[in-house]
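Here the structure is laid out as structure tokens; the discussion comes afterwards.
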There are 2 protein chains.
Amino acid sequence: METYEIKHEVGIKASPDAVYQALTDVPKLAGWWTSDTRGTSRVGGELQFWFGNFCQKFEVTALEPGQMVRWKAKDGGADEWTGTEVSFALDEGKNQCVVHFSHSGWADDSKMFPHCSTKWAVFMLSLKDLLEKGKGRPAPNDVQIIHR
Amino acid sequence: METYEIKHEVGIKASPDAVYQALTDVPKLAGWWTSDTRGTSRVGGELQFWFGNFCQKFEVTALEPGQMVRWKAKDGGADEWTGTEVSFALDEGKNQCVVHFSHSGWADDSKMFPHCSTKWAVFMLSLKDLLEKGKGRPAPNDVQIIHR
């Protein structure tokens, strides 16, 4: 089955270890994606990202300090996300850590996909701001891309 | 041949006609993508987007007022862009015009693709700001996602 993948890339003036921490420590995850983040970053553990009453749960499937973080979406969240995978691969560059973001395994790229693609870019910039300026813009104070 | 596609979506508090103008009038294009934009928006015409000494040229391939704008990348710009297509489909929603952005026909999603994906999100937010706040952030004053 053909699947679709969202990809993004940002360069962050921080060490790979600092970026890795922002992708694994729960209080730091709460500093760039959603303020209400719960759970534990260990392989096999569960992370919960709450947006008001909506919760997206992931199983942590890979952790390589300073190099890679991967999660698999559990059911009970967004239907289209169930079974999809989110990964962050880190590359140490000159003066920066390059974050290669991927959200793969989408069965359809016509419904939530374009919205989520834009929104992930917004959150990658929030991650960058958290590390470079000390403050990200996690939900519910995230940059809005649509009028509800 | 399998190809890859970047998709984004933003909702803009403006009429489809106003959004269409920002995607076709050369001085308005210069207000959200790059300040140095040249050419003519007519089917078969050429648009040139200059970034310093680098120029990306497109042939305008479809224009449906208030609904759709499509361009095809000419050679002489980014190698990976030659022959790819950029399109903006407009949907009138409640209180907003939804812009469905696509950059399709990529042969490879591993090189420039992730960077361009993030960057297009940045420029879609610039387009939104131009129309909602009166001022976008076109290059060279665009949001930077990597340290050069």
Does B/I145 reach the side chain of A/E9, with side-chain heavy atoms less than 4.5 Å apart? no
Donor-acceptor contact present, side-chain B/K7 to main-chain A/D109, <3.5 Å: yes
So which atom in B/A121 and which in A/T118 form the shortest heavy-atom distance, rounded to 0.1 Å? CB-CG2, 4.3 Å
Taking it one step at a time, do B/I146 and A/V10 satisfy side chain to side chain contact (heavy atoms under 4.5 Å, CB included)? CA-CA 6 Å; B/I146 202 103; A/V10 291; over 6 Å; no
Taking a hydrophobic cluster as the set of Ile, Leu, Val, Met, Phe, Trp and Tyr residues connected by side-chain heavy atoms closer than 4.5 Å, whether directly or through intermediates, do A/L29 and A/M68 fall within one such cluster? no
Please check: side-chain N/O of A/S117 versus main-chain N/O of B/H8, any donor-acceptor pairing under 3.5 Å? no
A side-chain contact here means heavy atoms from C-beta on lying under 4.5 Å apart; do A/I6 and B/I6 qualify? no
Cluster overlap A/F123 with A/W106, hydrophobic side-chain contacts below 4.5 Å: yes
Restricting to non-hydrogen atoms, name the atom on B/E132 and the atom on A/H147 that form the minimum distance, rounded to 0.1 Å. OE2-NE2, 2.7 Å
Path from B/V122 to B/W32 over hydrophobic side-chain contacts below 4.5 Å: no
More than 12 heavy atoms of other groups within 6.0 Å of A/E92 CD: no
Are B/V143 and B/L131 connected, step by step, through hydrophobic side chains (Ile, Leu, Val, Met, Phe, Trp, Tyr) whose heavy atoms are closer than 4.5 Å? no
Just give me the residue among B/H115, B/K128, B/Q144 that pairs up with chain A most often, heavy atom to heavy atom, under 4.5 Å. B/K128
Tell me if the NZ atom of A/K72 is crowded by more than 12 foreign heavy atoms within 6.0 Å. no
Only pairs of heavy atoms separated by less than 4.5 Å count here; which of A/K13, A/E2, A/M124 has the most with chain B? A/K13
Does B/V19 share a hydrophobic cluster with B/W120, counting links as ILVMFWY side-chain heavy atoms below 4.5 Å and allowing steps through other members? yes
